[in-house]
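In what follows, a structure is listed as structure tokens, so that the remarks can point back to it.
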Protein chains: 2
Amino acid sequence: MPGTTASAATHETRETPISAPVILAVSTVIFALRPNETGPATVWIPLVRRIREPFEGLWAIPGGALRADEDLASAARRTLEETSGLTPRYLEQLYAFGSVDRAPGTRVVSIVYWALVRSEEAAKATESENVRWFSTDELPTLAFDHNEIVAYALWRLRTKMEYSRIAHAFLGDTFTLAQLREVHEAVLQRPLDPANFRRMIEASKTVVDTGQRVTGTRHRPPRLYRYDSSIDLADVGPLSSI
Amino acid sequence: MPGTTASAATHETRETPISAPVILAVSTVIFALRPNETGPATVWIPLVRRIREPFEGLWAIPGGALRADEDLASAARRTLEETSGLTPRYLEQLYAFGSVDRAPGTRVVSIVYWALVRSEEAAKATESENVRWFSTDELPTLAFDHNEIVAYALWRLRTKMEYSRIAHAFLGDTFTLAQLREVHEAVLQRPLDPANFRRMIEASKTVVDTGQRVTGTRHRPPRLYRYDSSIDLADVGPLSSI
DNA sequence: GCAAAAGTGTTATTCTTACACCCATGA
DNA sequence: TCATGGGTGTAAGAATAACACTTTTGC
């Protein structure tokens, strides 16, 4: 950073700046829910197969080099769109990974984002020989340090799901409370009390009743809710304005 | 990131990779407490004066270019030591700032860390014409987007202070509960009930009674505690192992 | 009517908060 | 003995969690 140069110059013998062969990349862990044939829905992520060394043939999270004229989040959105054709409903920076030895031969610093996409959109997303969806609890060995990155992203998703209201990013414009609860249950991997969940959501004031109901079920028709967009999805402090 | 290149090549016409003129820097917001002449202690940070354009003459948070052979946290520690002579008791990555227009003329992505240093150590830290400590509630206009960065770092410090046990990083090896409470009060900027604070800390099991007491006060001698290093400072999930 | 999920009510438990009050020391 | 902060006790209120029970639909 700029402040750096000045301070270093002030306090130490200035070394010839190594025109650092550091490559800056932006990658994204993309989460979607997939309804499971047996049992509840689970969390899935799309991965891309490496077609060159290092780690040729292994799967990796999608990403790409940062272009000079785009913001970090823009780069995340772009590479996300390029690989999977998806548009995220939620996107947040996860962490910058920069261990010296994380990429054999080269020095790569990856600024990683995590994203949530709608289940319905994920279902029709691009999938090919080199792009495939994986269940997060059945991941193969990934390229680089991507297993650790996914593990951390999953931890953040679960942690944030408990104190924030991001679950509806997996859903369509309107949804029932049961659907919203299924999202929480899939991410947290434990059943939630429907009664208490209802009160918890109502207390948060993040959803509004559309007045509509879902008919055709063989039980009492549930209300349809819409997310109240006047309230921020997640609390990121003063960062939201930057 | 590596995974990127493969995926991009798979799905779109490969453009000549722009050998991006993106500069990668690492900076750190360094927090210390300063006892105030009147009233309680407050949060201070060291800043360095810019000695060249852009923003020449303005104050900025310390940092420096990332070297090819050092980790991100190592770079933060190094630049921190170079500018202030300080060794942090706590260091955590804050955020990667990468807006296209944040540095006039060039494209700089800053990976920012935040650090806590002991008050006693901060007192004897290097200070000069171009390095000075500022109270966080009386900051001037800083270079680049550093005002926003400091605001975000402060938000993180306060948020983390409420659910994590990082306060003792401001203190020496042993401390009284009153000192620990003063740290919380200074950061959170509100008084805390001594009785409830005591129980909260005892319940957290993060400190152990040394058996010693402080004498010489004109009241009941308080116990001295030590931080229980067998417990992690802060919860960073699976990241601690990376 | 029956099954199934929607939705409401109620209670026990834990956590939080406020504050009264005693304790141990120096002056 | 008094002032001062160290340290303990207690009770009200809020938040959490468990679960009984009523409602509304399709079959």
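Letters A, B, ... are given to chains in the order of the sequence lines, protein chains preceding strands, and every chain is numbered from 1. Both backbone and side-chain heavy atoms feed into the values below; hydrogens, waters and symmetry mates do not.
Residues meeting the salt bridge (charged side-chain N to carboxylate O under 4.0 Å, His left out) test with B:Arg218, sequence neighbours left out: none. Partners of A:Tyr95 by ring pair (Phe, Tyr, Trp, His ring centres under 6.0 Å), not counting sequence neighbours, listed by chain and number: A:Phe97, A:Tyr152. Considering only residues two or more places apart in sequence or on other chains, A:Glu202 meets the salt bridge (charged side-chain N to carboxylate O under 4.0 Å, His left out) condition with A:Arg198.
Within the 3.5 Å criterion, the main-chain N or O of B:Leu94 finds a donor-acceptor partner in the side chain of B:Arg156. In this structure, the side chain of B:Ser164 does not engage the main chain of B:Met161 through any donor-acceptor pair within 3.5 Å.
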Could you pull out the protein-nucleic contacts involving nucleotides 5-9 of chain C (nitrogen or oxygen on both sides, under 3.5 Å)?
residue, atom, partner, partner atom, Å
C:dA6, N3, A:Arg220, NH1, 3.3
C:dG7, OP1, A:Arg223, N, 3.2
C:dG7, OP1, A:Arg223, NE, 3.4
C:dG7, OP2, A:Arg198, NH2, 2.5
C:dG7, O5', A:Arg198, NH2, 3.0
C:dG9, N7, A:Arg199, NH1, 3.1
C:dG9, O6, A:Arg199, NH2, 2.9

Which atom pairs link the protein and nucleotides 14-16 of chain C when you take only N or O atoms and keep those under 3.5 Å?
none

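Residue contacts shown for B:Thr215 are absent, as no nucleic acid heavy atom lies under 4.0 Å away.
Distance, A:Leu192 CG to D:dT16 C1': 13 Å, rounded to whole Å. Here D:dG5 presents its C1' atom at 13 Å from CD of B:Glu185, a figure rounded to the nearest Å. Atom P of nucleotide D:dG7 and atom CG of B:Leu180 are separated by 13 Å, given to the nearest angstrom. Following rounding to the nearest Å, B:Asp209 (CG) and D:dG7 (C1') show an atom-to-atom distance of 12 Å. In this structure, the CG atom of A:Leu188 is 15 Å from the P atom of D:dT16, given to the nearest Å.
Heavy atoms from other residues, nucleotides or ligands lying under 6.0 Å from CZ of A:Arg226 number 12 at most.
For the pair B:Asp173 and B:Arg118, the salt-bridge criterion is met [side-chain N within less than 4.0 Å of a carboxylate O]. Between A:Arg78 and A:Glu82 a salt bridge is recorded (basic side-chain N to carboxylate O distance below 4.0 Å). A salt bridge links B:Lys160 and B:Glu92; the closest N-O separation between the charged side-chain nitrogens and carboxylate oxygens is under 4.0 Å. The residues A:Glu162 and A:Arg190 are annotated as salt-bridged, a charged nitrogen and a carboxylate oxygen being separated by less than 4.0 angstrom.
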For DNA chain C, produce a single dot-bracket line, 5' to 3'. Pairs: Watson-Crick or G-U wobble, both distances under 3.5 Å. Symbols: ( ) within strand, [ ] crossing, | other strand, . unpaired.
|||||||||||||||||||||||||||

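Evaluated for a side-chain contact (heavy atoms from CB on, under 4.5 Å) with B:Arg165, the options B:Leu180, B:Thr206, B:Val207 yield exactly one hit, B:Thr206.
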